[in-house]
Amino acid sequence: MLRYSRLYKKSNPLCTLVRTQRSLSSVTKLLKPATSMSSTALGSSSRGGDMVFPRPPQVLLSTKFEPFDRSYAVNNASESKDLMNLWSLLEACLHSRYIDRAFSILKSLYSVKSHRSYFIDDYNKFLMVYADTQRDMKELDKKLFEDLQITFPACEYNDKTLAILIHYALKYLDDTHSITKHCQTYFKMNTNGVRSILSNVEVLTIQDYKRLVNDFELVDLQELPAEIKPLVHTPKSLSDSLESVSTSEEQPSSPAMQKPSTEISLDSDINPLPKDVGELLAVDTIGMKVVRHTLLGLSLTEQQKEQIRSFNFDTTANLLNFDKDKENIDFFAIYKTLKTEEEKERFAKALDEFNQERQHQLENRATDAAKERWKHDFEEAKARGDLSIQKKLNVKLWEWYNQMLPLVKEEVSRCSQVMENTSETDDLNAQERRQNKARMDYGPYLTLVNPEKMCVITILELLKLNSTGGIIEGMRTARAVISVGKAIEMEFRAEQLLKSESRVFKDINKKSHEFKMLVQNARATFRSMKIESSKILWPQEARAKIGSILISMLIHVAKVRVEGVDPVTNEKIHGEAPAFSHGYQYHNGSKLGVLKIHRTLVHQLNGERLVAAVQPQLLPMLVKPRPWKSWNSGGYYYTQSSLIRSKDSPEQVAYLKAVSDTGVIDKVYQGLNVLGETAWTINRRVFDVMSDVWNSGKPFLEIPGIQDKLVLTPQPPRESDPSVHREWKLKNKELANAFSSNRSARCDANYKLEIARAFLGEKFYFPHNLDFRGRAYPLSPHFNHLGNDMSRGLLIFWEGKKLGPTGVKWLKVHLSNLFGFDKASLEDRVGFTESHIEDIKDSAQNPLDGNGWWKQADKPWQALATCIELNEMLKMENPEEYVSHQPVHQDGTCNGLQHYAALGGDIEGATQVNLVPSDRPQDVYSHVAKLVVARLEKAARNGDETAGLLKDKIKRKVVKQTVMTNVYGVTYIGATHQIDKQLSNVFEDHKQSYELSKYLTKHVFASVRELFEGAHLIQDWLGECAKRISKSIRVDVDEKSFKNGNKPDFMSSVIWTTPLGLPIVQPYRENCKKQVATNLQTVFISDPFAVNPINARRQKAGFPPNFIHSLDASHMLLSAVECGSNGLDFAAVHDSYWTHACDVDKMNVFLREQFIKLHEVDLIERLKNEFDQRYKNYLQILKIDKKSDLARSVMELRKQLSKDLGRPITLADEIYMEKKRIQLLESEDPEEQAKGKSMVTTVSIVGSSQDNLIEKSKDGSCTLVLAPLTLPQIPPKGDFDVKELKNSKYFFS
Amino acid sequence: MAIRIPTAKELRSIKHYYGFKYLLNSQTHESIFQKLQIEAKYKDLSKLKVLDLYPGPSNHSALFVNLFKPAQYMLMDSRPDFLRHIESFTKGTSLQFYKHDPYEWKSYIDLIEKDKLFIPSIKPRDLVHDECLVIANLTGMIGEGLFMQWLACIGNKNWLQKYGRIRMLVWVPESTAIKVLAKPGEQIRSKCSVVADTFTDTRLIATTNSTSLRKFNSKILEKHEPILFPTEDIWLTGGKPISLLEVTPKEHNVDLDNWDYVTKHLLILKSTPLLEALDSLGHGAKDYFTGKLDREFLKKTAKDLDTEEFLYLTNLFDKWPFKPDIYMDFIDVFQDND
DNA sequence: ATTTTAAATACTGATATAAGTAATAGAGAATCT
DNA sequence: AGATTCTCTACCGACAATATCAGTATTTAACTT
């Protein structure tokens, strides 16, 4: 073992860790005591009733910069980074059972003092694996004793440790007496009660619970966790089936035993499934029979019944229908025909049961499925004797797979050898030794997923990345290696979850529906716990390394038949070449690693459908997403996703984790769950039309046509002028650009259609998560309701609702809106639709052969869908009876400005964005255009020629983009470009139009400012706050960042809490990327755990829009919750809310109520209070007049101090002193407090000065001083009262 | 009559130099011209046409005219801060001034073909052009890039080089000179030194006497015996050192496209043995080349290769039946269209 | 066996790369003298 | 302290430069006492 730790030291962060200890401790000593900061929390949180604005939890307001939460309670960036790496490595080693190395990692973890109190968690993980391998209780006890007494004396066991001991006692001891004795002891040792021990469901199995309760009667049933109870003690009605089930392991396939209480005839074709899939499956197959039975029991047509009878409910064989020629059951069609609610419910239940299983398969067996397809095609080809030169793609892939597999296995076993130190180390040359050393780094990760899967993943990832990253026939190496690494990691997590789940539940069989539900419930809980416990992500470096290893193996084996021309004989010759080739390309003088795909393979890929590459883990879900319960538990079942998409910012995650389980963001969870629970299906009619268009290969609307290969223009003669050459190059780049954007557009459309096809007739859901501002996005890429018009046109609600009187109206309005006719009153919009009834009918009936009216719409596909819906409706005798599935949108009119107007209280602005009731919708863009024209006219009257030239040219369109982007803080120059784009249509001369644009931009800005005066003051205020915060200094700033005795790095990002309690951390920091060596090349990646200096510019520019977005996100989630709890189906695209036509009126009321509720509180004041708390005691650097009294006294003190110190005083010294002063002031000890009060520092002098210090006196010489961070005063608010919104029907319309 | 040489005093009003550096010591200039043996290279000075690009303060221009009285001496510059200066001091002299941007290819077309103000004679390529000389200062920020393009023009035989092998005297930053003059085996051996080797004879005529002098190839220093001048002679002071190169185009017959591809790619892995480095040339390159080259050669690295060896590899590459499409060798910049 | 010293290795940071500054030009921050 | 030169340039979803070497830090080995 000593040897291991030696080896380990050699190549791991441990050494740096130990190194930094010395310098660290001095820093840690200076930190304020932990108690001092929690007292700064905002009052006591009296949370009553419907609290929309919970107080932010205390941790958020700590003035101490805490990049990580409790388990990351480390405040040194490099240390925390090492910790993350160590954890990741520990996890990997434990999974691969490298006990010794794991133990040495534990030792290094133990040596990190700041982490000491959480060390037991790591130890427990180790203990579990250790116990598993040791198989002897005595040994285990001894080991534990030794470890805790001698090796890790400062570490104390906890209840989980005891749970582990109990579990293994139950497992390894065989006589009742010793089990009882052991367990009794363990229970007595509890630290937080027996219940706490028993709550470790990820340790104890159901069997354990049963034995503890029933057999040994060591604990009472009441002590068990709620979800477990029913499984251990089953109600009478279920006990029979349970009884038979629990013994079924001994008698696996006795037909008699498996006869369930329901009356399904059981055929004897229960295929025992491969062992590793787990017993669950075998049983579920029976479950599927139940599903079929249930479905057949519904009132269906004979045809439908026949469909169901012949449908293979075996999910391993029949997952999603990616087959073009095969028709799956159209569940949606069946569902629609059901008459009674009762039947619908029964159907839903059965479908759900079936889908539960399918979802499980989808997420878990994705790679296997791909492999099976290859194999199938290969064998088919072999059977036909058709292994011709132009092999089918899948045949090739299967061959590659088979050649790659042994290489991977070899490498994996090498890694294992190195890890176990069984390899011969003596007679190795330097090269091999180095390689082995590298294996120490990536080995633990490479051994986690089985080689078969890794091969498949590698192949799939590379194919998927074809033609990405601007490479014409290939991809960027950096992207490839990381993608493969990530995919492996994802697979590992899913596998790990599945394995441990079946471990816990393996003793259980389930037959009856109720019992199954119980198990499901317990499983969900279990999953959540499990997911939470595996919080550690692999370091980017490890991903890149294993990715590169696998890719280089694939490169090595993957060959394609190629054709070439012999330059001498000019004959065609054939040969074999690697399918992938690693090389480089230059871009603006920078090298870029490239993985080229051979042209023949690219052509083949272009011909194939993209089925192979669709990432099956991230499709829409067949069952309701797992509800969000904590920061990383929700969404898919086996694929881990986190509540927010943090941009590699540990800070964001830390703040999120801190509130995750405190209940303050429950509204966020609820809102997301509502979004996730909306069931969708594919609009088959629209799909059919699209499919026709697609297959024609011709360009149509936004679908680009099929294109042949890229043809570049021939090179001009060498001796032509350089400018000609330049033209040629540009031309080619343009061609390539057009080609690849066309290609990617067609790919994108292809993905969408493929996914839509697979989900035809299915019921599915979109799991959501949030971006860092709190806006919601579906997790499934490619195809979702946030997509383009095409995606949206394909989607309808699964549930249908009768239109009713208002529904008819709203459906008509919807169509009008889709045509861009949305500035008129609702009545006029209805009129618009009614005046096109014939067009609608034509469009619906002959979408492609008719007049194609729908194609003229702004959003043609959605318009087509709505036309079809309207057409069906019109067929009804009473249109109000029509059951509609079409989502109807209500869009905020310039939502950002709506929030700004509400914050700023601008009456005129509020009117223009429809916060004020009106009989017509206001159009802010036209209004701004009007204001601009007025300005121009005035200027023209004063003899301004430019104004005269422009004043007739100002249309809504010219200003629209600028007004819109103004909310996002567009700069003067950016806006000029936008306007120039518009004006260049009117003015021929480039120069002139640009000049005019510059001029016009000024007026547009001024007009917007005039209209939204209050809003702009707030925008400025937000910007100023962000600027000051991001340029502020924490008193316990890292000493290392005082590089040249100058300013330290600024480290504080802007952090705030949304009205829903979600903490938001702006992630903008300088990106410090480093080169990391991999097998293929070095790649340039940023370390996600590093904490870098702030990017003040982006912090400042980003804060105003981000703050507004955090508000609109809150508004959306609040509305979602409200709609959800009132039984509405709800979906949203940020500021466009969707529901059934009949519910639009209700939704509108809800969303207005929620908006009012949101803005009733003075959000800006709330924000300032939060800032004042959070950034209390932070310092800023100010420029003050050198001649002022204040400056003089500061200089005086500095002189004095430097005399005492015997050297010139630095900024660092001043900060240090201030830190001391604050420490004293916050001390418990009154004596120290008094000392603090009497202490005078440069900061205290400036702080106590009453002057307005803000950067005055530009002239005259200035001096820099430190001052406490102060934020500017909140600008005055206008008179608009948000309550007026209540009756504004055009607010969202 | 001699042209007055601008003094340092009158240059004081010029504020912006766009990063350009000029040697202002007339004495040094004179010895440079001496060393260059202008009279020997341009036998008939009455036919000599000189194009002076980015002349800036232009005191070397005045000196040149005074010394050699060429048939024509054309200055080309367009930097606002220099315009006034050049205009005023060329007035009434035989110096001509063309107010266009030497960076633009179009400027040359305009000068020669449209305005017909400077017409180089067309000379056969077997000899160096003896009636035309280009003097340029490329010490500014864009300088190095432009210099490399001019070298490429020599390869392409286009731009001014289409009139014959026109010699160029180019002021460049010292770092560029060091790079260009690197020889096989050196650490800094790079594409541009291979280009210079292949298409030109390049001599170091003069360079700043600075500490970084040692970074030059010592053999080159020995052979070329450049004139050394102190840093103080450089106008704007305090900047980086500069060097003067004499670039004499060579006649060549190189398969440029393939050659460019091969050298570019091999030099990325310039210290990796060819055995490995060659593989980055395309799918299966390693197999192809290892079959064609002997083991010892494959142990060499790209930075060790001389011109001939690069040409040999280019030839092999061209004969490769499965060679990749060398015109697809660029990256398609991701651009958003919203 | 322990300490000292030299050699070997690992790690970090700097620099060069290609070769029209893509089309645009002004504000604000960072760096240099 | 003051001028000059970089760096961006509307938010989010989003997606990325690399080889080489000099110089330093650390480890290993070699050697001495």
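All figures in this text were calculated on a predicted structure; none of them were measured in a lab. Every chain is numbered from 1 and lettered A, B, ... according to where its sequence line falls, protein lines coming before strand lines.
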In whole angstrom, give me the gap between the [atom1] atoms of [N] and [M].
N: C/dA18; M: D/dT18; atom1: P; answer: 16 Å
N: C/dA22; M: D/dC8; atom1: P; answer: 15 Å
N: D/dC31; M: C/dA6; atom1: P; answer: 12 Å
N: C/dG20; M: D/dG13; atom1: P; answer: 35 Å
N: D/dA16; M: D/dG23; atom1: C1'; answer: 29 Å
N: C/dT12; M: C/dG28; atom1: C1'; answer: 32 Å
N: C/dT17; M: C/dT33; atom1: P; answer: 23 Å
N: D/dA17; M: D/dT7; atom1: P; answer: 15 Å

OP1 or OP2 of [N] under 4.0 Å from side-chain N/O of [X]:
X: A/Tyr586; N: C/dA16; result: no
X: B/Lys303; N: C/dA16; result: no
X: B/Ser190; N: C/dT17; result: yes
X: A/Tyr584; N: D/dA19; result: yes
X: A/Tyr968; N: D/dC11; result: no
X: A/Lys591; N: C/dA18; result: no
X: A/Lys1074; N: D/dT18; result: no
X: B/Lys264; N: C/dA19; result: yes
X: B/Ser271; N: D/dC21; result: yes
X: B/Lys179; N: C/dT15; result: no

NZ (B/Lys264) with more than 12 external heavy atoms under 6.0 Å
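Atom NZ in B/Lys264 is crowded, with more than 12 foreign heavy atoms closer than 6.0 Å.
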Count the heavy atoms belonging to other residues, nucleotides or ligands that lie under 6.0 Å from CD of A/Glu541, then report whether that count exceeds 12.
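No, the 6.0 Å shell around CD holds no more than 12 heavy atoms from other groups.
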Could you check how far [atom1] of [X] sits from [atom2] of [N], rounded to whole Å?
X: A/Lys437; N: D/dT28; atom1: NZ; atom2: P; value: 8 Å
X: A/Asp1135; N: D/dC12; atom1: CG; atom2: C1'; value: 12 Å
X: A/Phe772; N: D/dG13; atom1: CZ; atom2: P; value: 6 Å
X: A/Phe1050; N: C/dA29; atom1: CZ; atom2: C1'; value: 11 Å
X: A/Arg1028; N: C/dA29; atom1: CZ; atom2: P; value: 14 Å
X: B/Ile188; N: C/dA18; atom1: CD1; atom2: P; value: 13 Å
X: A/Met475; N: D/dA17; atom1: CE; atom2: P; value: 17 Å
X: B/Lys106; N: C/dG20; atom1: NZ; atom2: P; value: 19 Å

Within the 4.0 Å heavy-atom criterion, would you say [X] contacts the bases, only the backbone, or no part of the nucleic acid?
X: A/Phe1103; answer: nothing
X: A/Lys1073; answer: sugar-phosphate
X: A/Lys486; answer: nothing
X: A/Arg479; answer: base
X: A/Ile1085; answer: nothing
X: B/Phe147; answer: nothing
X: B/Thr272; answer: sugar-phosphate
X: A/Gln1075; answer: base
X: A/Arg1097; answer: base
X: A/Val1083; answer: sugar-phosphate
X: B/Leu146; answer: base
X: A/Gly1102; answer: nothing

Heavy-atom closest contact ([X] atom, [Y] atom, distance):
X: A/Ala544; Y: A/Ile482; value: CB-CG1, 4.2 Å
X: A/Arg773; Y: A/Ala1113; value: O-CB, 4.2 Å
X: A/Gly593; Y: A/Gln1081; value: CA-OE1, 3.1 Å
X: A/Leu786; Y: A/Ala1132; value: CD1-O, 3.8 Å

Tell whether B/Glu144 reaches the base of C/dA19 with its side chain through a donor-acceptor pair below 3.5 angstrom.
yes
Base of C/dG26, side chain of A/Tyr972 - is there a donor-acceptor contact under 3.5 Å?
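Looking at the base of C/dG26, it does not pair with any donor or acceptor on the side chain of A/Tyr972 (distance under 3.5 Å).
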Nearest-nucleotide comparison on DNA chain D, the residue closer to the 5′ end among A/Asn1095 and A/Tyr777:
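Nearer the 5' end of the strand: A/Asn1095.
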Could you list the residues that satisfy ring pair (Phe, Tyr, Trp, His ring centres under 6.0 Å) with B/Phe199, not counting sequence neighbours?
B/His252, B/Trp259
Results of ring pair (Phe, Tyr, Trp, His ring centres under 6.0 Å) for B/Tyr54 - residues two or more places apart only
B/Phe20
Hey, which sits more toward the 5' end of DNA chain C by its nearest nucleotide, A/Lys1100 or B/Trp105?
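Residue closer to the 5' terminus by nearest nucleotide: B/Trp105.
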Taking the nucleotide of DNA chain C with the closest heavy atom to each, which residue, B/Met141 or B/Ile268, is nearer the 5' end?
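In this pair, the answer is B/Ile268.
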For A/His768 and A/Phe766, take the angle between the two ring planes, folded into 0 to 90°, and tell me which bin it lands in: parallel under 30, tilted 30 to 60, perpendicular over 60.
perpendicular
Using the benzene-type ring in the case of Trp, are the ring centres of A/His1134 and A/Tyr777 under 6.0 Å apart?
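When the ring centroids of A/His1134 and A/Tyr777 are compared, they turn out to be within the sub-6.0 Å range.
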Is the gap between the ring centers of A/Phe772 and A/His1109 under 6.0 Å?
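No, too far apart.
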A/His725: partners by side chain to side chain contact (heavy atoms under 4.5 Å, CB included), with sequence neighbours left out
A/Gln715, A/Pro716, A/Arg718, A/Ser720, B/Asn158
Residue pair B/Trp105 / B/Gln149, side-chain heavy-atom distance below 4.5 Å:
yes
Enumerate the salt bridge (charged side-chain N to carboxylate O under 4.0 Å, His left out) contacts for residues 1092-1111 of chain A, please, sequence neighbours excluded, ordered by first and then second residue.
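Sorted pair list comes back empty.
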Which ones in residues 148-156 of chain B lie close to DNA chain C, meaning a heavy atom under 4.0 Å from one of its atoms?
B/Met148, B/Gln149
Under a 3.5 Å cutoff on both atom distances, Watson-Crick or G-U, what's the dot-bracket for DNA chain C ([ ] crossing, | other strand)?
|..||||||||||||||.......|||||||||
